[in-house]
Amino acid sequence: MWAGGVGSHLLFGRAPVDSIWAASAFLSLAGLITLLKADRNERPALIAAGALGFIAEAVGVHASFPFGRYEYTGALQPQIVGVPLVMFAAWMALIAYVKTILAGVKFSAWLAAIIASLWMTAIDLVIDPLAAGELNYWRWIDGGRYYGVPAQNFLGWFAVSLLIFGIINLIDKRPGRPNPWARAIGLSILFFFALVALAHRLDLVASIGLGLCLVDAGARVIVRKAFTKLRD
């Protein structure tokens with residue numbers, strides 16, 4: 001599914017014909033694998049993360065807060081209260097991905113939450129221009145200067161991510177452990193959007209996405225060295 005989606009955009013500039021089901025199926029499988037391959041004690045925190053992300057989307061669609069005014073198209077199905085159910089899986093998979101990148105690094109829970117939320121916001125810089133553009137998953141009623149995405153959206157992503165990481169840190173206070181499955185799935189989502197951006201000549205988006213993929217490769221070493229110097 002991943003290869004077919006990327007290949008179709010790179011070769012033909014669009015998703016495969018009659019593949020409207022593929023995005024929902026891909027995200028559902030990503031969330032399911034993330035949950036099944038997580039440590040049993042970590043699963044309640046991941047379920048809470050998905051639920052909080054879904055609630056934030058539901059509030060956002062109907063109250064235009066915290067992300068701004070937007071609405072989902074019919075591309076992602078099924079939907080409840082105007083929000084695709086797969087958004088639960090999407091938030092859970094991305095939270096698990098970022099969480100495992102920072103696993104094993106010893107610093108305060110809130111500092112970890114801030115760094116993780118910044119990373120989540122950077123990921124959305126890659127996802128949103130395509131999801132609201134060529135992929136047509138949702139549309140912004142009030143546009144913005146960054147490929148039609150309002151700045152409020154990214155502030156909202158940071159705030160919601162910070163809330164989620166703060167709450168799941170309270171649910172599971174044990175030191176995080178690396179989860180290669182969560183990391184592979186999260187990286188595959190990020191790499192997918194980066195390559196699709198490249199296919200559609202969204203150079204800045206593609207550069208941010210590919211840059212994050214490169215940083216991911218050495219994230220643990222970079223963070224460890226930075227905070228070792230800070231403690232010294």
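A distance of 14.5 Å separates NZ in K99 from CG in L94, rounded to the nearest 0.5 Å. Rounding to the nearest 0.5 Å gives a distance of 11.0 Å between OG1 of T100 and CD1 of I185. Atoms CG and CG, from L27 and L76 in turn, are 7.0 Å apart once rounded to the nearest 0.5 Å. Between the CG atom of L210 and the CG atom of L195 there is a distance of 6.5 Å, given to the nearest 0.5 Å. Between the CD1 atom in I80 and the CZ atom in F88 there is a gap of 11.5 Å [rounded to 0.5 Å]. Rounding to the nearest 0.5 Å gives a distance of 9.5 Å between CD of E42 and CG of L35.
Hydrophobic clustering (side-chain heavy atoms under 4.5 Å, transitive across Ile, Leu, Val, Met, Phe, Trp, Tyr) groups L111 together with W119. Under a hydrophobic-cluster definition in which Ile, Leu, Val, Met, Phe, Trp and Tyr are linked whenever side-chain heavy atoms come within less than 4.5 Å, directly or via other members, M87 and I33 are assigned to the same cluster. No path of Ile, Leu, Val, Met, Phe, Trp and Tyr side chains, each step under 4.5 Å between heavy atoms, connects W157 with L162, placing them in separate hydrophobic clusters. At a threshold of 4.5 Å between side-chain heavy atoms, the hydrophobic network of Ile, Leu, Val, Met, Phe, Trp and Tyr places L130 and F12 in two separate groups. Taken together through direct or relayed side-chain contacts under 4.5 Å among Ile, Leu, Val, Met, Phe, Trp and Tyr, V81 and F65 form parts of separate hydrophobic clusters.
In terms of heavy atoms, R69 sits closest to W140 at O-CE3, 3.3 Å. In this structure, S8 and A15 approach most closely via the heavy-atom pair OG-C, 3.4 Å. For the pair S188 and F26, the tightest heavy-atom approach, listed with the atom from each and the gap, is OG-CZ, 4.1 Å. Minimum interatomic distance between D203 and Y147 (heavy atoms only, all atoms of both residues): N-OH, 4.3 Å. Minimum interatomic distance between S28 and A89 (heavy atoms only, all atoms of both residues): CA-CB, 4.3 Å. Taking every heavy atom of both residues into account, T34 and A30 meet most closely at OG1-O, 2.7 Å.
Put simply, the side chain of L204 reaches to within 4.5 Å of the side chain of Y146, judged on heavy atoms. Residues L187 and C213 meet the side-chain proximity criterion, which asks for heavy atoms closer than 4.5 Å. For the pair V126/L190, a side-chain contact is recorded, criterion being any heavy-atom separation below 4.5 Å from C-beta on. By the 4.5 Å heavy-atom criterion applied to side chains, Y97 and N179 are not counted as neighbours. Inter-residue side-chain proximity for M120 and I164 is flagged as unmet; no heavy-atom pair is nearer than 4.5 Å. Annotation: side chain of V98 is in contact with side chain of F165 (closest heavy-atom distance under 4.5 Å). Using a 4.5 Å heavy-atom cutoff, the side chains of S24 and V86 are in contact.
With hydrogens and angles ignored, the 3.5 Å screen pairs no side-chain donor or acceptor of D216 with any backbone N or O of L212. Although no hydrogens or angles enter the test, the distance criterion places a donor-acceptor pair under 3.5 Å between the side chain of Q79 and the main chain of T73. Judged by distance alone, the side chain of H62 and the main-chain N or O of G82 form no donor-acceptor pair under 3.5 Å. Side-chain atoms of R183 never come within 3.5 Å of backbone atoms of I101 as a donor-acceptor pair (strictly under, hydrogens ignored).
In this structure, F191 has its ring center no closer than 6.0 Å to that of F193.
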Exercise for review: Could you give me the CA-CA distance, side-chain angles and deciding distance for F154 and V149, then say whether side-chain contact (heavy atoms from CB on, under 4.5 Å) is met?
Suggested key: CA-CA 9 Å; F154 302 112; V149 183; 3.6 Å; yes
**Study point:** Worked check of side-chain contact (heavy atoms from CB on, under 4.5 Å) between V205 and L125
**Key:** CA-CA 7 Å; V205 176; L125 288 170; over 6 Å; no
Point to revise | Test log, rule side-chain contact (heavy atoms from CB on, under 4.5 Å), inputs L118 and F158 | key: CA-CA 6 Å; L118 288 171; F158 177 80; 3.7 Å; yes
Check your understanding: Yes or no on side-chain contact (heavy atoms from CB on, under 4.5 Å) for I189 and W2, after CA distance, side-chain angles and deciding distance?
Key -> CA-CA 9 Å; I189 294 172; W2 187 96; over 6 Å; no
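Ring geometry for H9 against F192 counts as perpendicular: the plane angle is over 60°, on a 0 to 90° scale with 30° as the lower cut.
A donor-acceptor pair shorter than 3.5 Å can be found between the side chains of W138 and D128. Judged purely by distance below 3.5 Å, without hydrogens or angles, the side chains of Y72 and Q77 never pair a donor atom with an acceptor atom.
Counting non-hydrogen atoms of neighbouring residues, nucleotides and ligands closer than 6.0 angstrom, the CH2 atom of W21 reaches no more than 12 such neighbours.
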